[in-house]
Trainee: 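I have a structure I would like to understand better, so I am pasting it below and will then ask my questions one at a time.
In this text, all values refer to a predicted model and were calculated from it rather than measured experimentally. Reckoned from all heavy atoms, side chains included, excluding hydrogens, waters and symmetry mates.
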Amino acid sequence: FGAIGEAMGGLRHLTGEPGRIPVRCGISIGDTLAALHGTIGVLMALYHRKVNGGQGQVIDVALNEAVFNVMESLVPEYSAFGAIREPAGSALPGIAPSNAYRCADGVVLIAGNGDSIFKRLMQCIDRNDLGNDPALADNAGRVKRVEELDAAIEAWTSRHTVTAVLDALAGAKVPAGRVYTAKDIVEDPHYRARDMILTQTTRDGHTLEVPGVVPKLLGTPGQVRRPAPRLGDDTDEVLAELGLGQEAIARLREHKVVA
């Protein structure tokens with residue numbers, strides 16, 4: 001179960017707000033990470049066989065280990081300093097200012113943590129007093145006063161719409177973005193231009209939009225060649241490719257070995 005793998009891999013301890021029960025990240029990320037690591041393992045094993053010859057090999061991927069493998073410096077921090085990383089909500093611990101901020105009609109993410117970016121951000125929100133403060137010239141000084149900085153930024157964002165905030169920050173060259181919903185994604189022309197929203201016809205005849213292919217290879221780009229099958233749709237075709245005749249397939253189906 002992906003949820004248990006996420007917990008044992010260290011992820012669930014970090015998801016959520018400080019002092020509250022850990023929350024799910026919103027998707028079954030543990031299963032996805034295990035699948036990605038399995039795919040990497042398959043590609044490595046195939047390459048090894050191609051270069052060195054020989055037979056295939058077992059690829060061992062555990063859910064919790066796949067999650068643990070993306071947990072950054074979680075263990076080195078504990079090993080070197082005895083520090084146990086704790087949940088931090090929407091903030092980026094040790095980096096300031098970088099957080100989610102309320103607007104008049106939603107939420108924006110702002111990454112104003114680079115030294116020059118911070119100055120431009122403070123100028124944009126009309127807080128040059130903070131931007132020119134020598135104590136805030138580097139990240140170490142800003143981390144000490146992160147609550148003050150977050151409050152100053154949200155005092156500005158809360159008076160404006162998400163669109164107005166993003167327009168102003170784009171003009172100031174400060175990295176920022178809205179929190180996308182599914183509706184936002186499918187309506188974003190950038191997703192369309194990158195072929196990340198594809199229109200498919202299901203085997204039942206329904207029209208459905210689905211995600212595109214990642215990564216995009218320049219020479220051999222991937223594509224969605226056929227709609228997803230229903231259970232058993234391709235059984236006969238696959239078994240026939242393996243050399244089974246219709247009688248053998250019928251017997252397997254009769255004994256409920258295949259669908």
Side-chain angles (χ1 to χ4, degrees), residues 1-12 24-71 180-259:
F1 288 83
I4 309 304
E6 293 164 22
M8 294 180 65
L11 177 63
R12 286 293 182 105
R24 184 171 177 266
C25 74
I27 58 173
S28 299
I29 192 68
D31 293 323
T32 301
L33 288 172
L36 286 172
H37 281 81
T39 301
I40 294 169
V42 168
L43 295 174
M44 293 168 62
L46 287 173
Y47 182 75
H48 181 272
R49 187 184 68 177
K50 178 181 179 180
V51 173
N52 300 290
Q55 299 180 342
Q57 54 187 299
V58 173
I59 298 164
D60 184 353
V61 177
L63 277 166
N64 65 304
E65 292 170 357
V67 173
F68 172 64
N69 199 38
V70 300
M71 293 307 296
Y180 270 27
T181 65
K183 182 175 183 293
D184 295 319
I185 290 173
V186 300
E187 292 178 353
D188 188 326
H190 185 77
Y191 273 85
R192 300 282 178 179
R194 293 274 296 166
D195 289 329
M196 281 310 300
I197 305 295
L198 305 178
T199 301
Q200 296 286 301
T201 301
T202 70
R203 299 193 184 195
D204 294 327
H206 300 292
T207 299
L208 185 69
E209 290 188 324
V210 299
V213 178
V214 178
K216 299 187 180 300
L217 277 64
L218 183 61
T220 56
Q223 59 179 304
V224 179
R225 294 183 293 272
R226 59 196 299 185
R230 295 163 299 190
L231 181 63
D233 272 359
D234 299 325
T235 299
D236 288 14
E237 180 183 347
V238 171
L239 294 180
E241 289 179 358
L242 295 175
L244 277 70
Q246 290 300 313
E247 290 185 5
I249 295 174
R251 285 196 300 271
L252 290 174
R253 186 166 282 116
E254 180 182 355
H255 288 89
K256 297 183 179 180
V257 176
V258 298

Trainee: Compare all side-chain heavy atoms of Val214 with those of Met196 and state whether any distance is below 4.5 angstrom.
Mentor: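 When only atoms from C-beta onward are counted, Met196 and Val214 do touch, with a gap below 4.5 Å.
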
Trainee: How long is the span from the CD atom in Glu6 to the CG atom in Asn64, to the nearest 0.5 Å?
Mentor: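 Interatomic distance, Glu6 CD to Asn64 CG, rounded to 0.5 Å: 11.5 Å.
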
Trainee: Measure across Asp195 and Lys216 and return the closest heavy-atom pair with its distance rounded to 0.1 Å.
Mentor: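 Of all heavy-atom pairs spanning Asp195 and Lys216, the closest is O-NZ, 3.8 Å.
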
Trainee: Let me see the working for Val258 and Leu239 under side chain to side chain contact (heavy atoms under 4.5 Å, CB included), right down to the final yes or no.
Mentor: CA-CA 10 Å; Val258 298; Leu239 294 180; 4.2 Å; yes

Trainee: Looking only at non-hydrogen atoms, find the nearest pair between Arg12 and Ala3 and report the distance.
Mentor: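 Heavy-atom minimum between the residues: NH2-CB, 3.7 Å.
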
Trainee: Nearest 0.5 Å please: distance from the CG atom of Asp188 over to the CZ atom of Arg194.
Mentor: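 Asp188 CG to Arg194 CZ: 12.0 Å, rounded to 0.5 Å.
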
Trainee: If I take atom CD1 from residue Ile249 and atom CG from residue Leu242, how far apart are they, to the nearest 0.5 angstrom?
Mentor: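 That separation rounds to 9.0 Å.
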
Trainee: Would one find more than 12 heavy atoms of other residues, nucleotides or ligands at under 6.0 Å from atom CZ of Arg24?
Mentor: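 More than 12 heavy atoms, drawn from other residues, nucleotides or ligands, come within 6.0 Å of this atom.
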
Trainee: Closest heavy-atom contact between His37 and Leu33?
Mentor: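 Of all heavy-atom pairs spanning His37 and Leu33, the closest is ND1-O, 2.8 Å.
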
Trainee: Please report the closest heavy-atom contact between Gly38 and Ile59, naming both atoms and the distance.
Mentor: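 That would be O-CG2, 4.3 Å.
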
Trainee: Give the intermediate values and the outcome of side chain to side chain contact (heavy atoms under 4.5 Å, CB included) for residues Met44 and Ile40.
Mentor: CA-CA 6 Å; Met44 293 168 62; Ile40 294 169; 3.7 Å; yes

Trainee: With rounding to the nearest 0.5 angstrom, report the CD1 to NE2 distance, Ile185 to His190.
Mentor: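 Between atom CD1 of Ile185 and atom NE2 of His190 there are 12.0 Å.
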
Trainee: Count the heavy atoms of every other residue, nucleotide or ligand shown that sit under 6.0 Å from CE of Met8, and state whether that count exceeds 12.
Mentor: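 No, the 6.0 Å shell around CE holds no more than 12 heavy atoms from other groups.
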
Trainee: Where is the tightest heavy-atom contact between Asp184 and Thr181, given as atom of each residue plus distance?
Mentor: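 Answer, listing the atom of Asp184 first, then Thr181: OD2-N, 2.9 Å.
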
Trainee: Hey, could you give me the CD1/OH distance between Ile197 and Tyr191, rounded to the nearest 0.5 Å?
Mentor: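 The distance works out to 7.5 Å.
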
Trainee: Would Arg226 and Asp234 pass as an ion pair if we require N to O under 4.0 Å?
Mentor: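 Judged by the 4.0 Å cut-off on N to carboxylate O distance, Arg226 and Asp234 do form a salt bridge.
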
Trainee: Please evaluate residues Asp236 and Arg253 with respect to the criterion side chain to side chain contact (heavy atoms under 4.5 Å, CB included), reporting the C-alpha separation (whole Å), side-chain torsions for both, the decisive distance (0.1 Å), and the verdict.
Mentor: CA-CA 10 Å; Asp236 288 14; Arg253 186 166 282 116; 2.8 Å; yes

Trainee: What closest approach, in Å, do Leu63 and Gly30 show between heavy atoms, and which atom pair accounts for it?
Mentor: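 Taking Leu63 first and Gly30 second, the nearest heavy atoms are CD2-O, 3.4 Å.
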
Trainee: So, taking the atom named CG in Leu244 and the one named CG in Leu252, what distance separates them when rounded to the nearest 0.5 Å?
Mentor: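 If we round to the nearest 0.5 Å, Leu244:CG and Leu252:CG are 6.0 Å apart.
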
